[in-house]
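No hydrogens, no waters, no symmetry mates; every other heavy atom, side chains included, goes into these values. Numbered from 1 within each chain, the chains take letters A, B, ... in sequence-line order. This one's a predicted model, so the numbers in the text were calculated from it and none came from an experiment.
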Amino acid sequence: MAKQKNYWLLKTEPECYSIDDLAAEPNKTTFWDGVRNYQARNYLRDQMKKGDEVFFYHSNADPPAIVGVATVVKEGYPDFTAFDPNEKHYDAKSKQSEPTWMMVDIKFKRKFKRPLGLTELRELKELKDMELLRQGSRLSVQPVRPKEFETILKLALA
DNA sequence: GCCAACGTTGGC
DNA sequence: GCCAACGTTGGC
């Protein structure tokens, strides 16, 4: 049986790392560091697989929006930024021998012609169960259903 | 800048 | 193991 592809959404503040940073050159990759939430960590560690596609989401932006797509190119491995006291997301409790936090590598795939803002996404009834649109949703790594991924891609290309 | 919704921490 | 206090996220 063919490997099933999963879909995800990664949040970032564009001030910190934006789609344009990732789109700076073709096939650019980056490590997705700084996730310090256990549920999000579990997704990164256990479920995100090479070849999975991820939506790139700008939070704390105007407008907050899905802005593009990336591909997972390296599966979960220790987030080494947690070991460095000079890093913003340093965590003294995460040990090299027993890392608490994980990250993946992603590769730029495409930037949408226009950002798909939250307001616009909320208008689609196909997306009414989407994690991103749930009230109080704060997860920075979230699963996206194939149907939702398809709906959003279609909207982006329309 | 406000604040609701969460997650985490720590006293008990 | 409960839960109040506190810190953070992130839309508005």
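- Listed candidates were C:dG10, B:dC6, C:dC12. Nearest to the side chain of A:Ser59 is C:dG10.
- The phosphate of B:dC6 has OP1 or OP2 within less than 4.0 Å of a side-chain N or O from A:Arg134.
- Note on A:Tyr57: every side-chain N or O is 4.0 Å or more away from OP1 and OP2 of C:dT9.
- C:dG7 atom P lies 18 Å from atom NE2 of A:His89, rounded to whole Å.
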Run A:Asp91 and A:Trp101 through side chain to side chain donor-acceptor pair (under 3.5 Å) and show every step you take. CA-CA 9 Å; A:Asp91 180 2; A:Trp101 307 114; 2.7 Å; yes

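- Considering only the side chain of A:Tyr38, B:dT8 comes nearest among C:dG7, B:dT8, C:dC12.
- Distance A:Asn37 CG to C:dG7 P: 19 Å, rounded to the nearest Å.
- For A:Phe31 and A:Phe80, the gap between ring centers is short of 6.0 Å.
- Residue-environment remark: NZ (A:Lys49) exceeds the threshold of 12 foreign heavy atoms within 6.0 Å.
- The environment of NZ in A:Lys50 is sparse: at most 12 heavy-atom neighbours from other residues, nucleotides or ligands sit within 6.0 Å.
- A cation-pi contact, defined as under 6.0 Å to the ring centre and within 45° of the axis, links A:Lys74 to A:Tyr77.
- We find that NZ of A:Lys93 is positioned 8 Å from C1' of B:dT8, with the value rounded to whole Å.
- In this structure, CG of A:Asn60 is placed 11 Å from P of C:dC12, rounded to the nearest angstrom.
- Atom CG in A:Leu132 sits roughly 17 Å away from atom P in B:dA5 (whole-Å rounding).
- Taking atom CD1 on A:Ile66 and atom P on C:dG10, their separation rounds to 14 Å, with Å as the unit.
- If you measure from atom CD of A:Glu13 to atom C1' of C:dT9, you get 8 Å, rounded to the nearest angstrom.
- Contact check, A:Lys11 against C:dT9: no side-chain N or O comes under 4.0 Å of OP1 or OP2.
- For the pair A:Gln135 and B:dA4, the criterion of a side-chain N or O lying under 4.0 Å from OP1 or OP2 is not met.
- Summarising the geometry, the separation between CD on A:Gln142 and P on C:dG10 is reported as 9 Å, rounded to the nearest angstrom.
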